[in-house]
Structures are given as C-alpha cells and as structure tokens.
*Asks:* 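If you scroll down you'll find the structure; I have some questions about it.
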Amino acid sequence: MVPILQASDRKALGERVMNRSQLTNDQVTATVKEIIRRVRAEGDAALFDYTARFDHADITAETVQVTRAEIDAAYAAASPEWLEAMREAARRITEFHQKQKQNTWLNFQPGIALGQKITPLRRVGVYVPGGTAAYPSSVLMNVLPAKVAGVKEIVMVTPPGRDGGVSYPLALAAADIAGVDRIYKVGGAQAIAALAFGTESIPRVDKITGPGNIYVAMAKREVFGHVGIDMVAGPSEVLVIADGTANPVHVAADLLSQAEHDPLAAAILVTDSEALARQVDAELARQTALLPRQEVIRQSLGAYGTIVVAQDLKECAAIANEIAPEHMELCVSEPYALLDQIDNAGAIFLGGWSPEPLGDYFAGPNHVLPTSGTARFFSPLSVDDFVKKSSLICCSREELERVSDQVILLAQSEGLDAHANAVAIRFGKEIK
C-alpha cells in the first residue's frame with residue numbers, strides 16, 4: 001500500500017516525508033498580512049467583518065464572549081463518561097507538568113549573589129479550531145501548563161458557527177475543566193490578530209498557543225515579535241522503529257492513527273526486518289478498508305506513507321534522527337537500550353504497549369510537539385513556555401572593586417568606553 005524503500009535511498013525518503021510544509025504559499029501570506037493590518041487598525045469592526053465573511057456568523061461586541069449559560073449547555077450535552085475521562089486526563093496532565101515547574105533561586109557567594117527570577121506571563125491566548133479539527137484534548141494540553149506556571153489570565157478563542165454559537169461546544173466544557181478565564185467566539189487569522197494587538201472586545205495577550213489551519217499558522221508567524229507564540233506547527237507525523245519482534249498488526253494500527261489526521265500527515269516505519277515491512281504493508285491495506293476516515297488515510301499514505309528497511313537498529317536510529325519526527329515509537333525488544341541513540345523526537349514512546357494515542361490523550365506529557373523536523377531544535381509545549389526568566393545580580397562594593405580592572409579591560413577591548421567608565425567612576429578612575 002505504501003512504498004518500501006531501502007535505507008540507502010535517502011533522496012527518495014527526503015522528498016517523500018520532509019517537504020510537506022505549506023507555509024510558503026504567497027497568496028495565503030498576502031491575505032493574512034491584510035487581515036492582520038485591518039484588525040490592528042480597525043479593531044472590532046474588522047474582526048466582526050471577517051467573522052461574517054469567513055464564518056458566516058453575525059457576531060457583535062455584545063455576543064462575542066461566551067456566556068456561562070453556553071458553557072453550562074456544553075456540559076449538559078456531554079456524556080458523564082466523557083466528562084469523567086476529561087477530568088482524569090486533566091489530572092494526569094497537571095501532575096506531569098507540575099514536575100516541570102521551576103522556582104526563583106539565589107546563590108550567595110562571597111561578595112556577590114547570583115540567581116534567576118521566575119515570573120509567570122500575565123495573559124495568554126489559546127486558539128482552538130472549530131469543526132472537524134476541534135480537539136478538546138488540545139484545550140487541556142495548551143491551558144493546563146499555563147495554569148501550573150501561574151499565568152494570571154487565560155483567554156481562549158474559537159470560531160463561531162453560523163448560528164452565532166461555538167462551532168464545537170465540547171471545547172467549552174474542556175475549557176472550563178482546564179480553568180480558562182474568558183472565551184471568545186472568533187477564529188482564523190483575525191482571531192490571532194485580535195489576540196496579538198487587542199481590540200475593543202478582546203484583550204491583548206503576551207503569548208499565543210494552539211493549533212490551527214494554514215491561515216492561523218501563518219498569522220502566528222506574522223505576529224511573532226509583537227507577541228510570543230508556541231511554535232509554527234506543520235503537518236503531523238509518526239515514525240515507528242520496529243524490529244522483527246514487533247506485532248505488525250499493532251504497528252500498522254499506530255501508523256494509521258496518525259494518517260487519519262490529515263492528507264498531509266506522514267506515517268513512517270523504519271525497520272531492520274524485510275519480513276515485518278511486508279507484513280505491515282499488508283496490514284495497512286486491510287485495516288484502512290475498515291476505517292471510517294479511509295479517504296483521508298488513503299491520501300495521507302499515498303503521498304507520505306513510507307516504509308524504510310535498514311541494515312540494523314543503529315541505522316534505523318540514524319534515519320529517525322535525520323527525520324526528527326513529532327512522534328517516535330520504539331517497538332523493539334529492548335527500547336531502553338535504543339533510547340540512547342535517539343536524539344531528535346518530540347515525544348518518544350517506548351515498547352509495544354505505549355501507542356502514540358496514549359500520549360495524545362491520557363499519559364500526561366504534552367501532545368503539542370515540534371513537527372516537520374523541528375524536533376532537532378524545539379521541545380514539546382511545557383510550563384517553561386508560560387514563564388519569563390530574569391537574571392539576578394547583587395554585588396558588594398568590595399567584590400566589584402576586586403574585579404573592576406578585568407571588567408574595564410573587557411569593555412575597552414570592545415570599544416565601549418562608557419561601559420568601562422560605569423565601573424571605573426565608582427572608584428575614582430573616571431575614563432576621559
């Protein structure tokens with residue numbers, strides 16, 4: 001069902017799985033820039049005009065904010081079992097992220113104290129897509145690390161439906177479980193612009209997180225610098241490293257769980273077993289025919305699904321590191337032994353009983369992960385994304401005098417006499 005490549009064919013592998021980003025569309029860029037310009041200049045007027053144009057919803061300053069009644073209605077529409085599962089997921093996600101929290105610290109040495117002050121961001125905006133791309137689990141993953149970090153206010157935006165309500169009400173229940181403070185019914189690039197610059201109805205935030213379509217992703221990229229962002233996410237991917245002990249039925253199922261996301265999603269198997277490669281390929285065809293989203297899956301596998309046969313697990317790891325996938329599964333007999341060879345991955349799932357969907361929903365680590373090879377230098381969303389770190393320096397007169405000649409020397413070597421003088425003048429050695 002998918003091509004089986006040899007490890008030596010790196011060119012074909014690169015062309016198939018490493019060039020999927022759409023963030024080079026000039027027409028979309030121009031549209032996004034114009035939306036941002038108008039929202040920044042005109043505020044609510046432009047925001048509501050674009051909402052009417054793109055979402056076909058009549059939203060005003062009086063109706064843009066979600067009410068308590070709308071949230072209560074979302075709870076009423078949810079099953080008790082779903083609410084219980086979401087609350088348990090929220091507990092697990094919170095518990096995991098609490099272990100990431102850092103505290104302000106000071107290290108006192110003779111004559112000088114050095115340290116770091118941790119300050120939560122004041123206000124964060126979370127974007128939640130509507131329609132079929134809405135995932136309540138992503139609400140938890142974006143909001144709960146911010147809550148653990150101590151962010152003072154969390155604002156959520158999500159597109160309205162044609163009736164003026166939220167297009168995916170379960171997102172409201174998820175937001176309330178997570179502790180969102182305010183929710184607004186706006187979406188698209190116009191919502192990102194509103195969060196970045198503020199309007200009469202929507203407050204300006206310090207950072208924007210959350211997934212979205214190409215317009216949302218490019219809008220986040222455009223406003224970066226005026227406001228912080230989590231990352232510019234590309235299409236999703238999973239890479240499974242499997243040896244001959246792996247269960248081909250399970251491996252195929254894990255690959256398909258990613259392929260059903262999106263026609264641009266990539267599902268990749270890297271194995272040292274030619275027999276397993278053939279078995280998984282057959283299983284992909286069998287299982288796809290049984291799944292409701294088989295049309296999306298066929299598009300994804302047809303364009304980006306790939307099986308690579310390597311000589312050994314060391315070569316499998318080298319290929320995986322080159323791809324630097326969002327999700328990586330180690331379906332091998334000794335996953336911890338292979339872990340030392342893995343350098344680039346957003347999340348690593350060890351062993352045949354740790355499927356990627358466990359991490360998507362319930363395990364606790366964040367599922368907002370670097371995509372499209374950016375795991376080479378980016379990390380999962382974490383508590384660190386919602387705090388600022390300030391260095392602390394407190395020096396005594398005696399210690400400054402002791403090191404003053406060296407500080408002056410270094411400043412003057414860079415041609416910065418005023419820097420040097422700021423030290424020298426304190427000890428009657430004014431530089432002229």
*Asks:* Are the side chain of N321 and the backbone N or O of D343 linked by a donor-acceptor pair below 3.5 Å?
*Replies:* yes
*Asks:* Counting C-beta onward and ignoring hydrogens, is there a side-chain heavy-atom pair between F386 and T209 closer than 4.5 Å?
*Replies:* yes
*Asks:* Check whether any side-chain heavy atom of Y168 lies under 4.5 Å from a side-chain heavy atom of T158, and answer yes or no.
*Replies:* no
*Asks:* Give a yes or no on this: more than 12 heavy atoms of other residues, nucleotides or ligands lie within 6.0 Å of atom CD of Q406.
*Replies:* no
*Asks:* Between T374 and S372 (side chain of the first, backbone of the second, donor and acceptor by atom type, cut-off under 3.5 Å), is there such a pair?
*Replies:* no
*Asks:* Keeping the roles fixed (side chain from Y127, backbone from G188), state whether a donor-acceptor pair exists under 3.5 Å.
*Replies:* yes
*Asks:* Taking atom NZ as the centre, does K314 end up with more than 12 heavy-atom neighbours from other residues, nucleotides or ligands that are less than 6.0 angstrom away?
*Replies:* no
*Asks:* Around atom CD of E200, are there more than 12 heavy atoms of other residues, nucleotides or ligands at under 6.0 Å?
*Replies:* yes
*Asks:* Test D230 against every option in R221, K207, K220 by the salt bridge (Lys or Arg N to Asp or Glu O under 4.0 Å) rule and name the one that passes.
*Replies:* K220
*Asks:* Within the 4.5 Å heavy-atom criterion, are V180 and V126 side-chain neighbours or not?
*Replies:* no
*Asks:* Applying ring-ring contact (aromatic ring centres under 6.0 Å, His included), which residue pairs with at least one partner in residues 184-213 are found, sequence neighbours left out?
*Replies:* F197-H226
*Asks:* Relative to each other, are the rings of F349 and H327 parallel, tilted or perpendicular (30° and 60° limits)?
*Replies:* tilted
*Asks:* Just so I know, are the side chains of V155 and P203 near enough to count as touching, which here means a heavy-atom distance under 4.5 Å?
*Replies:* yes
*Asks:* Heavy-atom count around R426 CZ within 6.0 Å, excluding the residue itself: above 12?
*Replies:* no
*Asks:* What pairs with D72 under side-chain hydrogen bond (donor to acceptor under 3.5 Å, both in side chains), at least two apart in sequence or on another chain?
*Replies:* R68
*Asks:* Donor-acceptor pair, distance only, cut-off 3.5 Å: does the side chain of E237 make one with the backbone of E326?
*Replies:* yes
